[in-house]
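These notes concern the structure reproduced below.
In listed order, ligands and their atoms are each counted from 1.
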Amino acid sequence: MTTVHAVVNSKNPDTTIIKQAAEIIKNGGLVAFPTETVYGLGANAQNPEAVAKIYKAKQRPADNPLIWHGNSLQDLQSVVEFSSLARKLANAFWPGPLTLVLPSKVSAYAKTIAVRVPSHSVSRAIIAESGCLIAAPSANSSGKPSPTKASHVAKDLDGAIDMIIDGGAANNGLESTVLDLHTGVARLLRPGGITLEMLQDIIGEVAIPQKNELSLGLDGDTPLSPGMKYRHYAPNAPVVLVEAGQAMLIANNYQKKGKTVGILETSKYKSLEIAAKELFDRLRQFDEQDVSVIIVETVPEEGIGMAIMNRLRKAALKI
Ligand code: TXA
Ligand code: MG
């Protein structure tokens, strides 16, 4: 298949391109587009054949469900049940990088559905123009770091999807926070741009899986979220996590043994937000450079640091 490539200005997306993308989605095709978190690979959520194409293009395990994207809570309330807790969070953080797992009203699809309202102008325009809810995982090959630029999407999926819309680098650089509310108790499944502290400010109690569960995706034998049991965010070379300020020293030891080393000194970044925005791009660059090992400095697990460390631990998993 030939993939159509289009560039849009995120501040004022070209309506001709948006219409073309919406047409593809309405006809059961796949379009990759920017969101404020990472690039998504979108299809009509209620067209099972279109959704099956997403799994095929990404080589995604069939038991890992997708997030449904709408432009408002109203858009989504025909497919999921909003509790008062869910409404409170939606009012506080939508549009934005928070995904809520809620009881499904369309049980033919699933018992629960993860839903999110993106804030990015391009995603919003495509949802509005296509007139359907859009199922969209991150637009990478399964297991690879999520794409934060259109070039990352092209590297993984060119020729396997209908269209890639380039709207520049994704602002946040990490996927949305996933919060499970389907039992009535809030449970964090994936830390992200809406931080634990921000959630606690609105609803108080949030259950957090143990640190190693969050990284390994284990809750006893049951994965917390189907997506958590798979190795993720993984560049080709092994990732070694080291303390802040230690990267150069440890890299040196590897270099002495003749290894080519990718070095990510997170302690040199001005803020954790910038580190988050650049993380996946840097990991992908190390693949391009074909390094033999990647040394990354850990960050404090506060605010967005919790999401960064979650992704780093998964990238460092050896399974
Ligand atoms: O920021 C994001 O969330 C991006 C953009 C494109 O919106 N999307 C994204 O989708 O990261 P994906 O498929 O790469 O990650 C979705 C995560 C997976 O870990 C999946 O297992 C979990 O959400 N998930 C989806 N539906 C779920 C459900 N019903 N119950 C529990 N977890 C669910
Ligand atoms: Mg993903």
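Atoms of ligand 1 found under 4.0 Å from any heavy atom of His69, numbered from 1 in the order shown, are 5 (C), 7 (O). Atom numbering of ligand 1 starts at 1 in the shown order; those under 4.0 Å from a heavy atom of Glu175 are 1 (O), 2 (C), 11 (O). Near Thr37, the atoms of ligand 1 lying under 4.0 angstrom from a non-hydrogen atom of the residue are 1 (O), 2 (C), 4 (C), 5 (C). The ligand atoms of ligand 1 that sit less than 4.0 angstrom from a heavy atom of Asn64 are 18 (C), 20 (C), 21 (O). Annotation for ligand 1: atoms under 4.0 Å from non-hydrogen atoms of Ala114 are 25 (C), 26 (N), 27 (C), 29 (N). In the vicinity of Ser138, heavy-atom distances shorter than 4.0 Å reach the ligand 1 atoms 8 (N), 9 (C), 10 (O), 12 (P), 14 (O). Listed by number with element, the atoms of ligand 1 under 4.0 angstrom from any heavy atom of Ser176 are 1 (O), 2 (C), 3 (O). Listed by atom number, the atoms of ligand 1 under 4.0 Å from Arg190 heavy atoms are 2 (C), 3 (O), 9 (C), 11 (O), 15 (O), 16 (C), 17 (C).
Residues Gly28 and Ala50 approach most closely at O-CB, 3.5 Å, considering heavy atoms. For Gly42 against Ile134, the heavy-atom pair with the smallest separation is CA-CG2, 3.6 Å. Considering all non-hydrogen atoms of both residues, Trp94 and Val115 come closest at CZ2-O, 3.6 Å.
Hydrophobic cluster membership differs between Val299 and Val240, with clusters built from Ile, Leu, Val, Met, Phe, Trp and Tyr side chains linked at under 4.5 angstrom.
Closest heavy-atom approach to atom 16 (C) of ligand 1 within the set Ile67, Asn140, Ile54: this belongs to Ile67.
The closest approach between any non-hydrogen atom of His182 and ligand 1 is not below 4.0 Å. In this structure, Ala136 is part of the shell of residues with a heavy atom less than 4.0 angstrom from ligand 1.
Counting heavy atoms under 4.0 Å from ligand 1, residue Thr112 touches it through both backbone and side chain. Residue contacts with ligand 1, taken as heavy atom pairs separated by less than 4.0 Å, do not involve Arg187 at all.
Evaluation of the side chain to side chain donor-acceptor pair (under 3.5 Å) test over residues 265-279, restricted to residues two or more places apart or in two chains, returns Glu265-Lys268, Ser267-Glu297, Tyr269-Glu278, Tyr269-Arg282. For residues 72-84, no pair satisfies salt bridge (Lys or Arg N to Asp or Glu O under 4.0 Å), with sequence neighbours left out.
Here the straight-line distance linking atom OG of Ser104 with atom CG of Leu102 works out to 10.0 Å at 0.5 Å rounding. Once rounded to the nearest 0.5 Å, the distance linking CD of Glu302 with CD1 of Ile308 reads 11.5 Å.
With Thr260 contributing its side chain and Ser292 its backbone, the two residues share a donor-acceptor pair below 3.5 Å.
The Mg ion (ligand 2) lies at 2.8 Å or more from every N, O or S atom belonging to Ser146.
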